[in-house]
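Since we're looking at a predicted model, the values are computed, not measured.
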Amino acid sequence: MSFPLLTATAALPAIGAVATAAVPAARRTTAKWLALIFSLATLGLAGIALARFEPGGDRYQLTESHAWIKDFGVRYELGVDGIGVALMALTALLIPFVILAGWHDADPLETKSSRWRPTQGFFALILMVEAMVILSFEATDVFLFYILFEAMLIPMYFLIGGFGDRAHTGSDENAAAQRSYAAVKFLLYNLVGGLIMLAAVIGLYVVAGTFSLSEIAEARANGSLSMATGTERWLFLGFFFAFAVKAPLWPLHTWLPNAMGEATSPVAVLITAVVDKVGTFAMLRFCLQLFPEASKWATPVIIVLALISIVYGALLAVGQRDIKRLIAYASISHFGFIILGIFAMTSQGQSGATLYMVNHGISTAALMLVAGFLITRRGSRLIADYGGVQKVAPILAGTFLIGGLATLSLPGLAPFVSEFLVLVGAFSAYPAAGIVATTGIVLAALYVLVLYQRTMTGPVKAEVQGMADLKVRELAVVLPLIALLLFLGVYPKPLTEIVNPAVQHTMSDVQKKDPQPEVEAAK
């Protein structure tokens with residue numbers, strides 16, 4: 001039997017989580033290094049999986065299949081297509097930076113609201129989230145995916161509620177209450193979505209007799225499986241609702257600003273750059289593949305919701321006074337672009353959406369982590385409490401600017417390529433939607449540049465007069481992310497070669513072809 005590479009890639013951080021949690025309480029530094037080593041080893045395995053993946057080969061590669069719960073037809077089935085392997089690599093790439101950036105975020109404090117801050121638990125929970133997210137990108141059994149989809153909420157709940165942001169403007173008691181509220185809201189929203197999805201998963205099994213994606217696809221191809229129109233639509237809605245909550249899509253988005261605002265900056269990156277990608281990924285893998293006709297039926301409404309997310313998220317970002325909530329609302333706008341690209345159902349749109357998932361993860365991680373370093377130094381998340389930072393901490397200000405420019409999709413940086421492809425795909429299928437979506441670009445320039453102007457330029461405020469610039473550990477977090485943004489901005493080919501064949505398979509699932517441009521004959 002060949003080496004189970006996909007299982008090993010997901011199992012390694014899970015083992016690391018157990019090992020980190022088992023470190024004695026007095027040896028916090030050992031726990032940190034152990035978590036970092038396991039995350040780097042996971043990155044190595046993900047790199048091997050990426051190298052072994054053949055873009056022109058089978059749709060699902062590195063597959064594993066074992067009987068699990070035989071009485072219910074549940075199997076432990078894994079496999080990655082180009083989209084899954086790209087997002088798996090993104091997750092493995094970001095976790096070491098999350099750990100490095102949060103190196104001191106779980107150190108004990110003397111305040112009453114921070115009595116429970118076990119350092120080992122903080123890093124163990126991060127590794128556990130990594131294991132579940134990676135395995136969710138690999139799962140080709142619907143029931144296995146559902147278990148992972150729900151289970152990852154538990155460690156995220158504790159990361160948000162138990163290890164909140166220390167830069168809180170209120171009292172310790174108020175800070176604890178806000179963290180608890182954000183964690184419970186995150187959990188309830190996602191649990192409701194998951195329960196609705198569970199009903200749809202059971203309904204799918206009743207109709208198809210299996211949870212296996214490959215078996216369902218084969219049954220559809222040979223005509224042995226057909227769903228009634230009404231049944232397919234209800235099942236699609238059950239799956240899509242859960243994914244839209246996770247994504248997050250307007251109007252199911254309201255948990256995200258609370259969660260990102262109250263979490264530490266590394267955990268905020270974990271939420272929006274890693275966990276939320278499971279929702280948009282699942283729309284491609286499950287909604288479009290399992291329910292192609294229902295996906296086309298729901299497309300007009302979903303595109304409208306995506307456009308509202310783009311404009312609404314950007315407008316609220318413009319009006320924010322809190323740095324982290326601004327980045328959260330910007331992410332809602334960006335997820336609108338991703339969902340627009342998916343449901344435009346063109347090859348450019350879906351390729352752009354997949355690239356957007358990867359590039360948004362890198363750019364948001366860069367911006368949020370630098371913002372976290374800034375907030376830690378000043379002790380405040382309020383934009384008004386800053387000014388003139390570029391004069392006292394020029395490297396911090398410069399990296400913050402590059403992260404912001406990537407967020408607004410400046411040409412030459414990675415997000416530009418993905419946003420351009422999404423807009424091309426949207427314009428070719430739904431011109432009006434493409435026009436509305438471009439307003440998000442204008443608003444992004446506004447909120448990013450205003451944020452930079454108010455925090456980094458102007459007179460130096462007394463409170464930031466002695467602010468230190470980025471240290472070696474912090475540079476080790478930020479500079480590789482900036483290098484990736486530059487590399488993928490000028491040379492996205494390595495990523496598009498992996499993604500495009502998977503996009504073509506998805507286009508085939510929904511039986512869609514790219515619209516042909518209308519060219520007038522030369523006279």
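Considering all non-hydrogen atoms of both residues, V278 and S136 come closest at CG2-OG, 3.7 Å. Taking every heavy atom of both residues into account, Y447 and A330 meet most closely at OH-CB, 3.4 Å. The minimum heavy-atom distance between V318 and L443, with the atom names listed, is CG2-O, 4.1 Å.
When only modelled atom types and interatomic distance are considered, T364 and T272 share no side-chain donor-acceptor pair under 3.5 Å. No hydrogens or angles considered: nothing links the side chains of S428 and Q348 as a donor-acceptor pair under 3.5 Å. In summary, the side chains of Q390 and Y452 do present a donor paired with an acceptor at a separation below 3.5 Å, with no hydrogens or angles considered. No hydrogens or angles considered: nothing links the side chains of S380 and Y386 as a donor-acceptor pair under 3.5 Å. Donor-acceptor pairing under 3.5 Å is recorded for the side chains of Y356 and E419.
No side-chain heavy atom of L87 sits less than 4.5 Å from a side-chain heavy atom of V133. T407 has its side chain out of reach of P415: every pair of non-hydrogen atoms, C-beta onward, lies at least 4.5 Å apart. The side-chain heavy atoms of P248 and D276, taken from C-beta on, include a pair separated by under 4.5 Å. Between E138 and T9 the shortest side-chain heavy-atom distance falls below 4.5 Å. Q350 has its side chain within reach of L288: a pair of non-hydrogen atoms, C-beta onward, lies under 4.5 Å apart. Counting heavy atoms from C-beta outward, V80 and Y60 have side chains that stay 4.5 Å or more apart. Between I383 and D322 the shortest side-chain heavy-atom distance does not fall below 4.5 Å. A 4.5 Å side-chain heavy-atom check between S309 and F335 finds every atom pair outside the cut-off.
In this pair, F281 and F145 present their aromatic rings tilted. The plane angle is within the 30 to 60° band.
Within a 6.0 Å radius of CZ in R454, no more than 12 heavy atoms belonging to other residues, nucleotides or ligands are found. Within 6.0 Å of atom CZ in R321, 12 or fewer heavy atoms from other residues, nucleotides or ligands are found, so the atom counts as exposed in its surroundings.
Aromatic ring centroids of F122 and F158 lie 6.0 Å or more apart. Ring centers of Y312 and H253: under 6.0 Å apart, within the cut-off. Ring-centre distance between F343 and F240: below the 6.0 Å cut-off. If you look at F337 and H360, their ring centroids are not closer than 6.0 Å.
Put simply, the side chain of T7 never gets that close to the backbone of P4: no donor and acceptor are under 3.5 Å apart. Using a distance-only test at 3.5 Å, with no hydrogens or angles considered, no donor-acceptor pair links the side chain of R179 to the main chain of A263. Side-chain atoms of E150 never come within 3.5 Å of backbone atoms of Y146 as a donor-acceptor pair (strictly under, hydrogens ignored). Between the side chain of Q61 and the backbone N or O of E54 there is at least one donor-acceptor pair closer than 3.5 Å.
The structure places CZ of F38 at 15.0 Å from CH2 of W33, a figure rounded to the nearest 0.5 Å. The distance from atom CD1 of I48 to atom CG of L62, rounded to the nearest 0.5 Å, is 11.0 Å. Atom-to-atom distance recorded for M88:CE and T42:OG1 is 10.5 Å, nearest 0.5 angstrom.
Between E474 and R377, at least one side-chain nitrogen of the basic residue sits less than 4.0 Å from a carboxylate oxygen of the acidic one, meeting the salt-bridge criterion.
The cationic atom of K32 (NZ for Lys, CZ for Arg) does not lie both less than 6.0 Å from the six-membered ring centre of F123 and within 45° of the ring axis.
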Given F373 and F400, is the ring-ring contact (aromatic ring centres under 6.0 Å, His included) satisfied, shown in steps?
CA-CA 10 Å; F373 299 148; F400 188 83; over 10 Å; no
